[in-house]
Engineer: 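Structure provided below as structure tokens; questions to follow.
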Amino acid sequence: MTASNPTRRIFALVPAAGVGARMQAACPKQYLEVAPGVTMLAATVEALARVEAIGRIYVAVSPEDGYVDGIDLPERARVLRTGGSTRALTVANTLAALACEMADDDLVLVHDAARPLLHAADVRTLIETVIRAQEAGTAAGAVLAMPVHDTVKRVDHSGVLTEDLDREGLVRIATPQCFAYGLLKKALAAAGPAVTDESGAVRAIGGKVLAVPCSPETFKVTRNTDLALARKLLAAGTPSPAQSTQPTMNAVNPPMVPPMLPELRIGLGYDSHRLAAGRKFILGGVDIPHTLGLDGHSDADALLHAVTDAILGAAHCGNIGILFPDNDPAYRGADSTALLAAAWDKVQATGPWAVINLDCVVVAQKPKLNPHVEAMAQRIAAILGTDPARISIKPKTNEKLGFEGREEGISVQAAVLLGKLR
Ligand code: MG
């Protein structure tokens, strides 16, 4: 396929920074086993490695990923810690990081980590299609897509069928999605972080994209039922050797792997502090200008105290009053970011844990807190080693009711979900 253009280089990029919330597993879904000792990510990368034309395969994980070092990946794979809070950001960050290694003309195949049953023959057809279309000037790139054979209807929120759709011409978009490096980078920069697939971004800047039919086994593992099906198909030797150039990993009929037990822990935290003159108003580690400040033994950062109690509660590590007593002179005027960091260390000693998400409510009549929410989330995220996108902080005024409404004090509630890294 590269014969028509021997200088054309082909790379693959596997964004694998997601948390797979729908599977409710203890680890991100790409690290669940699809065969004994074989994670979904390893199986997916191996499927790409069966395509000889692909040079390097870049696997993009989140900076705090604690699993990837423990799995076996093919020789051609390189792990980059370039993951972002969305798929589009992960791909964009990775393309940016590879600017010195890739030329605008190189082809990049972006492939989901959760499609381990990729057929090498489909990928070869995809690459040939893109090279021919680009040479002929008929399209900018192509994606694998599954034809829709079922009757398709629209359904409303209560489950009532509302519209019969014509399935003629409908396809389910899969991956890899194949485009030239320069074009893909430009398209993702224009589309922003919310775009869900590369073809959408390329089409949005006017690029024509072809759909190349692929095997229905290219489905994405999203729910537990998909995982069970993927395991069954891999155990049965799919894709078959005829569909790839190397034997499949499970020729010996291994037993089914029991699903990994989820280890998720919820923590709840609450705190309140009085408002007083002559004190600073420090919340979420951010010094916020206000006529009154928060009063307490430490810096009285009620948000960080609630978060501290939430993480301690999740990991069964006691509470903030036990760890940092308010009659201990050591904590007079203490910076609560240091207290949260110390509590997180204590929590990690029972882990390692990762923050899946943190959700907080701050009840304060004044000052206006929305302008500071992002800075607070960044402060907390840095301490907990997570992404600010996993942290929500929601200010409420309480409609002048209660001690918060009378501006006597503020209160904070925090709920955290921790996932144990294996
Ligand atoms: Mg407190």
Side-chain angles (χ1 to χ4, degrees), residues 265-348 353 355 357-370 372-373 375-384 386 388 391-398 401-418:
R265 302 292 289 262
I266 287 176
L268 181 64
Y270 170 85
D271 196 31
S272 59
H273 278 273
R274 285 179 188 279
L275 285 161
R279 292 274 304 181
K280 284 185 167 184
F281 191 102
I282 297 173
L283 198 67
V286 177
D287 199 338
I288 296 168
H290 188 41
T291 49
L292 299 172
L294 292 169
D295 198 15
H297 184 65
S298 64
D299 64 6
D301 189 328
L303 175 55
L304 293 193
H305 295 178
V307 171
T308 302
D309 254 355
I311 59 163
L312 289 171
H316 201 259
C317 286
N319 64 61
I320 192 169
I322 295 172
L323 255 65
F324 315 111
D326 65 4
N327 54 7
D328 185 337
Y331 302 116
R332 177 172 297 280
D335 176 350
S336 295
T337 59
L339 304 187
L340 177 59
W344 186 236
D345 283 347
K346 190 172 167 66
V347 166
Q348 285 301 341
W353 297 97
V355 174
N357 75 312
L358 168 66
D359 194 17
C360 310
V361 176
V362 180
V363 185
Q365 192 63 37
K366 283 181 188 166
K368 287 203 183 311
L369 295 173
N370 269 324
H372 307 285
V373 155
M376 293 191 269
Q378 279 174 7
R379 241 15 248 287
I380 298 169
I383 297 166
L384 301 181
T386 189
I391 298 177
S392 291
I393 299 164
K394 300 161 314 192
K396 310 285 289 181
T397 63
N398 230 29
L401 293 168
F403 69 84
E404 302 99 327
R406 292 190 298 271
E407 295 179 53
E408 293 167 10
I410 72 161
S411 69
V412 182
Q413 296 163 61
V416 72
L417 185 62
L418 300 183

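Order of listing sets the numbers, starting from 1, for every ligand and every atom in it. Throughout, residue positions are numbered sequentially from 1 according to the sequence presented.
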Engineer: Is the CG atom of L401 crowded by more than 12 outside heavy atoms at less than 6.0 Å?
Structural biologist: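 Result for CG/L401: enclosed.
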
Engineer: So does D287 pair up with K280, basic N to acidic O under 4.0 Å?
Structural biologist: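 Counted as a salt bridge, because a side-chain N and a carboxylate O are separated by less than 4.0 Å.
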
Engineer: The Mg ion (ligand 1) as vertex, arms to NE2 of H273 and ND1 of H305: angle to 10°?
Structural biologist: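 Value returned, to the nearest 10°, is 100°.
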
Engineer: I'd like to know: is the Mg ion (ligand 1) within the 2.8 Å range of an N/O/S atom from D301, strictly under that distance?
Structural biologist: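 Looking at D301, which is the residue asked about, there is no N, O or S atom under 2.8 Å from the Mg ion (ligand 1).
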
Engineer: For the backbone of A314 and the side chain of R265, can you confirm whether one donor and one acceptor N or O come within less than 3.5 Å of each other?
Structural biologist: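 Indeed, once roles are kept as given, a pair shorter than 3.5 Å links the two residues.
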
Engineer: By atom name, which N, O or S atom belonging to D271 lies closest to the Mg ion (ligand 1)?
Structural biologist: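 The nearest such atom is OD2.
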
Engineer: Counting only heavy atoms from other residues, nucleotides and ligands, does the tally under 6.0 Å from NZ of K368 exceed 12?
Structural biologist: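 Counting neighbours around NZ of K368, 12 or fewer heavy atoms of other residues, nucleotides or ligands fall under 6.0 Å, so no.
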
